[in-house]
Asker: 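Below you'll find the structure I mean.
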Amino acid sequence: MPMRISFSDYCYNVEMQRALKRHEAKTVRVIPIIVRPVYWQDAPFSKLQLLPSEAKPISRWPDRDEIWLDIVREIYTIISDLQTAFKTKLKQWVTEGDMFLEHQQYKESLIAYEQAIRLAPKYADAYRSGNAIFSKLD
């Protein structure tokens, strides 16, 4: 008889491991939320920022509505920080591409614009700037 894997095993052994690898690669942000008392200290996510603050389970807070609101605020702050970092990195790549273009270093310029496009595939200015390189090469 084949071994059956439970949904919990699959989530823990496959999905969580995949999420943690993506967290390490900085393509996602994993935020564990402790809902009920559980021994999490040896879990693979134990070194990450846990919510709620103090890693106190939500079920142990006297006012659960208040702690859920606190969690939402914390997640909002994390998202805002990530958006700021994203916009800063995007601007850096475009600025670098512009600088290389100005100095007629077309290969380096194109690489920088391609990085901007990887970050934001719908960012039209990076495409326009990249296309400007090809018109100069003709």
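In this text, all values refer to a predicted model and were calculated from it rather than measured experimentally.
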Asker: Write down the atom of Ser59, the atom of Arg64, and the distance for their closest heavy-atom approach.
Answerer: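 It is O-NH2, 2.9 Å.
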
Asker: If you measure only the distance, is there a donor-acceptor pair under 3.5 Å linking the side chains of Asp42 and Tyr39?
Answerer: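 Yes.
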
Asker: Report the residues that fulfil side chain to side chain contact (heavy atoms under 4.5 Å, CB included) with Leu51, sequence neighbours left out, ordered by chain and then residue number.
Answerer: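 Applying side chain to side chain contact (heavy atoms under 4.5 Å, CB included) to Leu51 gives Ile31, Ile33, Gln49, Ile71, Glu74, Ile75.
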
Asker: Identify the two heavy atoms, one from Ala116 and one from Leu90, that lie closest to each other, and give their separation to 0.1 Å.
Answerer: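 In this case the closest contact between Ala116 and Leu90 is O-CD1, 3.5 Å.
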
Asker: Under a single-linkage definition using a 4.5 Å side-chain heavy-atom cutoff for Ile, Leu, Val, Met, Phe, Trp and Tyr, are Val35 and Tyr12 assigned to the same hydrophobic cluster?
Answerer: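 No, no single cluster joins them.
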
Asker: Please give me the minimum heavy-atom distance between Trp61 and Lys56, naming the atom from each residue.
Answerer: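 Scanning both residues completely, I find the closest heavy atoms to be NE1-O, 3.1 Å.
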
Asker: For the pair Tyr113 (side chain) and Asp98 (backbone), establish whether a donor and an acceptor sit closer than 3.5 Å, ignoring hydrogens and angles.
Answerer: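 Yes, because the side chain of Tyr113 sits within donor-acceptor range (under 3.5 Å) of the backbone of Asp98.
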
Asker: Cluster question for you: counting only ILVMFWY and a side-chain heavy-atom cut-off of under 4.5 Å, with indirect links fine, are Ile58 and Leu69 together?
Answerer: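 No: no chain of side-chain contacts under 4.5 Å links Ile58 to Leu69.
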
Asker: Is it true that Lys21 and Glu24 make a salt bridge, defined as a side-chain N closer than 4.0 Å to a carboxylate O?
Answerer: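 Salt bridge: no.
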
Asker: Would you compute the distance between atom CD1 of Ile133 and atom CD1 of Ile111 and round it to the nearest 0.5 angstrom?
Answerer: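 Those atoms lie 9.5 Å apart.
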
Asker: Check Ile34 against Val38 and note the closest heavy-atom contact, atom names and distance.
Answerer: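 Distance-wise, the nearest heavy atoms are CG2-CG1, 4.4 Å.
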
Asker: Under the 3.5 angstrom rule, does the side chain of His23 hit a backbone N or O of Arg29 as a donor-acceptor pair?
Answerer: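 A pair under 3.5 Å: no.
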
Asker: Of all heavy-atom pairs between Pro57 and Arg36, which one has the smallest distance, and what is that distance?
Answerer: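 Scanning both residues, the minimum pair turns out to be CB-C, 3.6 Å.
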
Asker: Quick one: does Asp70's side chain have a donor or acceptor within less than 3.5 Å of a partner on Glu66's backbone?
Answerer: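 No; zero donor-acceptor contacts below 3.5 Å.
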
Asker: Is there a chain of hydrophobic side chains (I, L, V, M, F, W, Y, each step under 4.5 Å between heavy atoms) that links Trp40 to Leu20?
Answerer: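 Yes, one cluster joins them.
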
Asker: For Arg128, check side-chain hydrogen bond (donor to acceptor under 3.5 Å, both in side chains) against everything at least two apart and list the hits.
Answerer: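 Applying side-chain hydrogen bond (donor to acceptor under 3.5 Å, both in side chains) to Arg128 gives Asp125.
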
Asker: Return the OG to CD distance between Ser109 and Glu96, rounded to the nearest 0.5 Å.
Answerer: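 Nearest 0.5 Å value for the OG-CD distance: 9.0 Å.
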
Asker: I'd like to check Cys11 versus Met16 (side-chain heavy atoms, cut-off strictly below 4.5 Å). Are they in contact?
Answerer: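 Sidechains of Met16 and Cys11: no contact.
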
Asker: Using the rule that two of Ile, Leu, Val, Met, Phe, Trp, Tyr join whenever any of their side-chain heavy atoms come within less than 4.5 Å, decide whether Val94 and Met99 are in one cluster.
Answerer: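 No: no chain of side-chain contacts under 4.5 Å links Val94 to Met99.
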
Asker: To the nearest 0.5 Å, what is the distance between NZ on Lys87 and CG on Leu119?
Answerer: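 Going from the NZ atom of Lys87 to the CG atom of Leu119 covers 13.5 Å.
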
Asker: With a 4.5 Å cut-off on side-chain heavy-atom distances among I, L, V, M, F, W and Y, is there a chain of contacts connecting Phe45 to Ile78?
Answerer: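 Each belongs to a different hydrophobic cluster.
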
Asker: Quick one, Tyr106 and Phe100 - any side-chain contact, counting heavy atoms below 4.5 Å?
Answerer: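 Tyr106 does not reach Phe100 side chain to side chain.
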
Asker: Write down the atom of Ile117, the atom of Ala126, and the distance for their closest heavy-atom approach.
Answerer: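 Here Ile117 and Ala126 meet closest at CG1-CB, 3.6 Å.
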
Asker: With Ser80, which residues qualify under side chain to side chain contact (heavy atoms under 4.5 Å, CB included), at least two apart?
Answerer: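 Testing Ser80 for side chain to side chain contact (heavy atoms under 4.5 Å, CB included), a comparison that skips the adjacent residues, returns Tyr76.
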
